[in-house]
Amino acid sequence: SAGQITVHEATPDAPESCAVATSAALEGPWTELGTVSGTGTLDAAAVQRYVRITDRAARVPDASDPTTTPGFDLDAVTVTLPERGTPATP
């Protein structure tokens with residue numbers, strides 16, 4: 001089975017979304033794994049060294065407009081590696 005990356009949001013009562021990508025090098029190329037809303041888990045076909053989290057807030061926060069969001073509040077990222085000797089499924 002493949003490894004998994006779980007992105008944990010600090011404010012579960014107001015989930016916002018983020019995009020998750022991985023790369024073997026800081027300069028890329030980056031492989032987009034998908035988007036999560038709140039805390040979510042994505043499959044990672046290969047173990048990579050770097051994880052990039054990109055906020056997907058639709059609008060810039062505005063104190064005078066309560067419908068705007070402050071963006072994704074990243075709390076933690078956990079990586080679950082595949083079991084040793086288990087081939088990754090394509």
Side-chain angles (χ1 to χ4, degrees):
S1 67
Q4 294 183 321
I5 295 176
T6 302
V7 179
H8 303 269
E9 187 176 18
T11 54
D13 55 330
E16 293 139 344
S17 64
C18 71
V20 181
T22 60
S23 177
L26 183 59
E27 302 82 22
W30 293 91
T31 300
E32 298 291 332
L33 300 182
T35 301
V36 298
S37 181
T39 295
T41 300
L42 298 166
D43 288 335
V47 176
Q48 299 290 347
R49 183 174 189 150
Y50 298 96
V51 177
R52 180 176 67 189
I53 308 296
T54 305
D55 185 7
R56 291 292 187 208
R59 300 188 298 188
V60 177
D62 180 354
S64 65
D65 182 356
T67 65
T68 62
T69 64
F72 190 81
D73 302 307
L74 181 64
D75 184 35
V77 174
T78 56
V79 176
T80 305
L81 300 175
E83 291 184 35
R84 185 176 278 238
T86 304
T89 52

Just list the side-chain donor-acceptor pairs under 3.5 Å for residues 21-35, sequence neighbours left out, or say none.
residue, atom, partner, partner atom, Å
S23, OG, A25, N, 3.1
S23, OG, A25, O, 2.6
S23, OG, P29, O, 3.0
E32, OE2, R52, NH2, 2.9

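- Note: C18 SG to I53 CD1 = 5.0 Å, rounded to the nearest 0.5 Å.
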Between side-chain atoms of residues 2-12 and protein atoms elsewhere (two or more places apart, or another chain), which donor-acceptor pairs fall under 3.5 Å?
residue, atom, partner, partner atom, Å
Q4, NE2, D43, OD1, 3.2
T6, OG1, T41, OG1, 2.8
H8, NE2, T78, OG1, 3.2
E9, OE1, E16, N, 3.1
E9, OE2, T11, OG1, 3.4
E9, OE2, E16, N, 3.4
T11, OG1, D73, OD2, 3.0

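- Residues Y50 and V77 do not share a hydrophobic cluster, clusters being chains of Ile/Leu/Val/Met/Phe/Trp/Tyr side chains in contact below 4.5 Å.
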